[in-house]
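What follows is a set of notes on a single structure, which appears directly below.
As the structure is a prediction and not an experimental result, all values here were calculated from the model.
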Amino acid sequence: TQNDFMVICNVAKILELVVPLMEHPSETFLATIEEDLMKLIIKYGMTVVQHCVSCLGAVVNKVTQNYKFVWACFNRYYGALSKLKSQHQEDPNSTILTANKPALLRSLFTVGALCRHFDFDQEDFKGNSKVNIKDKVLELLMYFTKHSDEEVQTKAIIGLGFAFIQHPSLMFEQEVKTLYNSILSDKNCSVNLKIQVLKNLQTYLQEEDTRMQQADRDWKKVAKQEDLKEMGDISSGMSSSIMQLYLKQVLEAFFHNQSSVRHFALNVIALTLNQGLIHPVQCVPYLIAMGTDPEPSMRNKADQQLVEIDKKYAGFIHMKAVAGMKMSYQVQQAINTCPKDPVRGFRHDESSSALCSHLYSMIRGNRQHRRAFLISLLNLFDDTAKTEVNMLLYIADNLACFPYQTQEEPLFIMHHIDITLSVSGSNLLQSFKESMVKDKKKERKPSSDEETESDSNSGSGSESEEEASERKPRRLRKRVDSDSDSDEENDINAVMKCLPENSAPLIEFANLKGSNLYGVFSNFWYPCCIPLPYYLFTLFLTISIMGTETGCGLLTVPHPAPITVRENLPFGKHRKKAYVIYKKKNQKVKFFKLLMEHLDPDEEEEDGEVSASTNARNKAITSLLGGGSPKNNAAETEDDESDGEDRGGGTSGVRRR
């Protein structure tokens with residue numbers, strides 16, 4: 001049973017540690033151990049073989065020196081592999097390899113395990129032969145890594161990993177580098193092969209760490225006769241060079257959708273950093289990204305590595321913070337199981353904390369670093385940055401859910417967003433106007449339907465309509481609302497006539513520029529028709545405390561659905577008629593213009609009164625946000641409307657700034 005195998009493995013481990021410490025053990029006892037271990041190696045599975053070969057290595061290398069016994073075992077499995085290789089080369093379609101598959105798998109694993117614990121290039125094994133055994137083994141195992149059967153490939157890679165522990169220089173061979181890098185970088189490669197390559201690197205680093213610790217203990221025994229500078233230079237230099245070869249591919253494994261691949265990649269990076277084999281700054285963005293992993297164990301391990309780096313090298317975390325945010329978005333994209341849903345920047349649990357909250361908590365203590373980090377994130381929303389809308393949504397989520405501790409932190413963001421909206425918003429509307437066809441005749445000459453409709457709906461200019469609507473009671477304003485609906489439709493139709501024939505520039509403008517500012521700042525953070533700065537203001541409850549700054553306590557607020565962003569994301573994948581697309585984009589630009597005006601309402605409006613233009617503006621905002629029915633909103637009773645609050649045509653949540 002499985003328990004019996006575990007007993008065997010643990011007994012082998014005990015013997016491995018104890019037998020070398022025994023004084024004058026009997027030859028019969030040692031011979032019995034060697035024979036029993038060999039029987040277990042030949043008969044049982046991988047776990048038992050691995051532990052028994054390790055025990056045999058300790059007994060033979062440190063006590064009996066019975067090298068011929070081990071050499072005979074090695075030749076048995078090496079010869080079987082050579083024979084199978086020759087048969088496969090002669091006839092790749094032969095069934096011999098399939099029939100002997102169990103023997104092939106056992107031979108691949110056992111040859112590698114023996115090479116891990118014995119150096120067969122020593123004269124004690126091969127005698128006077130000039131054959132380079134390690135190169136022959138490498139050639140043999142590399143041949144089977146190209147086999148069509150994935151199980152055979154896996155066992156060959158396991159054997160290579162064992163051989164590399166005894167001979168690390170083999171990892172510098174070009175064919176080995178090509179094999180490892182291709183497996184790690186190929187997205188279509190088998191997950192099992194990726195995991196096995198990462199396991200090989202992890203085992204090598206663990207074994208090197210054990211060797212260094214043993215070398216340190218041995219040096220302490222002869223410290224007076226040895227030179228400290230000579231200790232460990234060759235070994236640590238070899239490990240560092242090897243990890244430099246495969247570091248980039250290991251780090252890229254963080255972006256895999258399988259958690260097991262990310263787990264082993266993180267283990268390799270943690271071992272590499274702990275041994276000081278690479279400069280830590282190149283790993284910081286990837287560790288920030290792994291700090292957003294949904295699995296708590298990996299998340300905590302990555303965060304711990306960041307804390308250790310920050311203690312030793314102050315400023316490294318801030319230096320790579322923005323790059324880490326971008327990489328964290330890539331990790332979330334890879335993890336996202338439903339590609340149709342946008343990647344969100346907060347945890348879907350009770351805390352609703354930002355995915356990069358640990359990163360912000362590390363930077364928050366230094367005001368200069370904190371402000372530079374926040375400004376860098378807000379600059380990604382600029383038109384010149386050309387950041388995709390999905391990433392902007394992710395960053396906006398993080399900005400809204402960061403663990404702020406003082407009033408100054410959200411107020412700083414609110415201030416800079418207001419500046420961005422005031423500057424970029426006007427440029428956005430101007431860019432839209434410049435994209436239109438400049439045909440004055442077409443703009444000035446209305447159609448016969450428009451003239452008839454405008455005559456029936458209004459007998460005077462827009463200014464007289466607004467003045468008349470202000471004098472009307474609120475019950476009668478729904479008529480004005482219906483008139484504004486037709487005016488709005490006429491405005492859209494007028495704009496439709498100025499659209500260019502080539503749709504590409506306008507669609508690019510709508511998806512890139514318009515979506516960035518309008519979709520993320522204006523609509524997504526308008527669950528109650530309030531922009532992101534005011535969302536932040538309502539999200540945090542200010543608490544007066546002693547001192548110059550004021551603390552902030554987090555409120556539990558439901559996260560709104562990204563209405564406009566969601567509409568823009570699939571745009572281009574599901575094609576619609578050109579007229580529908582243009583009309584929808586025109587409505588969005590018109591809505592954005594209303595929002596820009598809504599941030600700075602007319603100064604002429606008096607307290608307690610709302611002009612007809614404001615009513616129309618609020619009504620358009622609510623309808624485009626998917627609010628309640630305008631008819632129901634307008635049909636409120638006089639008692640409800642005269643409660644002293646300025647509701648702006650019955651819309652809920654719309655307030656003057």
Legend entry - ring pair (Phe, Tyr, Trp, His ring centres under 6.0 Å) partner of Tyr180, the single match among Phe172, Tyr246, Tyr204: Tyr246
Inset, instruction - Indicate yes or no: does Lys301 engage Glu295 in a salt bridge with an N to O separation below 4.0 Å. - result: no
Inset, instruction - Taking the six-membered ring for Trp and the full ring for Phe, Tyr or His, determine whether the centres of Tyr394 and Tyr329 are under 6.0 Å apart. - result: yes
Legend entry - Lys187 atom NZ, over 12 foreign heavy atoms within 6.0 Å: no
Give the minimum heavy-atom separation between [X] and [Y], together with the two atoms involved.
X      : Y      : result
Ala253 : Ala265 : CB-CB, 3.8 Å
Met142 : Glu175 : CE-O, 3.7 Å
Met171 : Phe164 : CG-CD1, 3.5 Å
Asn257 : Ala334 : CB-O, 3.2 Å
Asn398 : Cys356 : OD1-N, 3.1 Å
Gln166 : Cys115 : CB-O, 3.0 Å

Mind checking the [atom1]-[atom2] spacing from [X] to [Y]? Nearest 0.5 Å is all I need.
X      : Y      : atom1 : atom2 : result
Gln153 : Leu193 : CD    : CG    : 5.5 Å
Leu392 : Leu378 : CG    : CG    : 11.0 Å
Met391 : Ile395 : CE    : CD1   : 6.0 Å
Ile242 : Leu170 : CD1   : CG    : 9.5 Å
His358 : Ile363 : NE2   : CD1   : 10.5 Å
Gln206 : Ile165 : CD    : CD1   : 9.0 Å

Legend entry - Under 3.5 Å donor-acceptor, Arg364 side chain and Tyr404 backbone: no
Legend entry - Main-chain N/O of Ser182 paired to Asp186 side chain as donor or acceptor, under 3.5 Å: no
Inset, instruction - With sequence neighbours excluded, tell me which residues meet salt bridge (Lys or Arg N to Asp or Glu O under 4.0 Å) with Arg299. - result: none
Legend entry - Set of residues satisfying salt bridge (Lys or Arg N to Asp or Glu O under 4.0 Å) with respect to Glu207, sequence neighbours excluded: Arg116
Contact between [X] and [Y] at the side-chain level, heavy atoms closer than 4.5 Å - yes or no?
X      : Y      : value
Gln214 : Arg211 : no
Val343 : Leu393 : no
Thr406 : Glu409 : yes
Asp303 : Leu359 : no
Leu205 : Met243 : yes
Leu287 : Leu266 : yes
Phe412 : Ile375 : yes
Leu377 : Leu399 : yes

Could you list the donor-acceptor pairs under 3.5 angstrom formed by side chains in residues 304-327, with sequence neighbours left out?
from	atom 1	to	atom 2	distance (Å)
Gln304	NE2	Glu308	OE2	3.1

Who passes side-chain contact (heavy atoms from CB on, under 4.5 Å) against [X], sequence neighbours left out?
X      : value
His263 : Asn267, Met298
Gln368 : Asn366
Gln330 : Phe255

Check whether the side chains of [X] and [Y] place a donor and an acceptor atom closer than 3.5 Å, and report yes or no.
X      : Y      : result
Gln196 : Asn200 : yes
Thr292 : Gln332 : yes
Thr210 : Gln213 : no
Ser54  : Glu16  : yes

Inset, instruction - Could you tell me how the ring of Phe109 sits relative to the ring of Phe162: parallel (under 30°), tilted (30 to 60°) or perpendicular (over 60°)? - result: perpendicular
Inset, instruction - Pick out which of Val250, Thr272, Leu247, Ile269 makes a side chain to side chain contact (heavy atoms under 4.5 Å, CB included) with Leu201. - result: Val250
